[in-house]
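Okay, structure first, notes after.
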Amino acid sequence: MSIVRKDLLEQIRVKPGSEVNLKDFDPGWAQTKDLKELGKDAVKERATEVLERNRTELAEAQDLLYASDSHAVLIVLQAMDAAGKDGTIKHVMSGVNPQGCQVFSFKKPSDEELDHNFLWRYMKALPERGRIGIFNRSYYEDVLVVRVHPELLVTQKLPDGKRGKSFWNDRYDDINAFERHLVRNGTLVLKFFLNVSKKEQKRRFLDRLDDPDKHWKFSVSDMAERGYWKDYMRAYEHALTATSTEAAPWYVVPADQKWVTRAVVADIIATSIKDLDLKYPEVTEQKKQALAVARESLAGEDEA
Ligand code: AMP
Ligand code: MG
């Protein structure tokens, strides 16, 4: 059973075919009336409880995924800087068996990667059956940062052609086809946009600047990208509108409160895996007999 209320889940899931306007999604969603009334301490307590329950659920779901070995889970995390991608991965996955989980962080593409089609490097990193794979940034960067900075397209050395609206629509089509292919072949695709407000990003950047232990987290280029905030939001709106499908929906997760982000993401992953209705492998009659023989043999061994 999902811990996050169904109506709230409906609010953050991007309905396929709907036009996304990010103004309709509140980054500070936990500051809702009932939470405010509960008071800060109660909220913190509840948050820890919810996260703990989510972790347990996720660990169980992942165990089943691994045992049944028929499906993979691909988790796509996209966000502006300081929205909490790394923290979400750390917290959400902390209860999960490391053997069943892999994380890939995508940075600026290398020369070798730029020599291939734009999906190549992501294809190579897809999770195998039984595993949860997390993409910390993803092929969506190719319609986000690259759309905001079209000069990056030059480095992709594409054949001459139009670089207008149809170019981006073609990329969305390619992404939808790619994800449909994954889903048809047994990969559950879950996509999260961690929706942080510009105001909260400023607060987190200042926090990094004020705390020497956090200086390493601050990057001058993050500051530069902040200057393109509106362009990014527009690029996100276009991408979310075009690529939230029944097969692979987008979730716009409120990210101004870290605990909300973590609880919601963990909950959606655990619930979605459970909805796959996986089963632990059945033990065949033949195997049962082999188990009985093994038991007998062990029982008959001399104590050395
Ligand atoms: P970070 O995740 O903050 O360490 O930064 C990674 C950087 O790599 C970000 O500035 C991304 O925008 C950039 N990046 C990731 N994927 C791509 C891509 N496909 N093309 C260009 N830049 C990218
Ligand atoms: Mg960064």
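All ligand and atom numbering here is 1-based and tracks the order in the structure.
- The backbone N or O of F25 sits less than 3.5 Å from a side-chain atom of N195, completing a donor-acceptor pair.
- Proximity to F106 (heavy-atom distance under 4.0 Å) selects the following atoms of ligand 1: 15 (C).
- By the side-chain hydrogen bond (donor to acceptor under 3.5 Å, both in side chains) test, D115 is found to be paired with K157, residues two or more places apart in sequence or in another chain being considered.
- For ligand 1 and D142, the ligand atoms under 4.0 Å from any heavy atom of the residue are 19 (N).
- The V146 neighbourhood of ligand 1 comprises atoms 20 (N), with distances under 4.0 Å to a heavy atom of that residue.
- Under a 4.0 Å criterion applied to the non-hydrogen atoms of Y122, ligand 1 contributes the atoms 19 (N).
- Q78 is not listed as a side-chain neighbour of L194, based on a closest heavy-atom distance of 4.5 Å or more.
- Apart from F218 itself, the hydrophobic cluster it occupies contains F205, L206, L209, M223, where clustering links Ile, Leu, Val, Met, Phe, Trp and Tyr at side-chain heavy-atom distances under 4.5 Å.
- Listed by number with element, the atoms of ligand 1 under 4.0 angstrom from any heavy atom of D81 are 3 (O).
- No N or O atom of D222 sits closer than 3.5 Å to an N or O atom of ligand 1.
- Aromatic rings of Y140 and W250 (six-membered ring for Trp) have centroids within the 6.0 Å cut-off, being under it.
- Across K85, R121, E113, heavy-atom proximity to atom 19 (N) of ligand 1 is greatest for R121.
- With salt bridges taken as basic N to acidic carboxylate O contacts below 4.0 Å, one links R234 and D231.
- Checked against the 6.0 Å centroid threshold, H238 and Y172 do not count as a close aromatic pair.
- Taking all heavy atoms of E225, R137, Q156 into account, the minimum distance to atom 7 (C) of ligand 1 is reached by R137.
- With a 4.0 Å cut-off on non-hydrogen atoms, P109 touches ligand 1 through its side chain and not its backbone.
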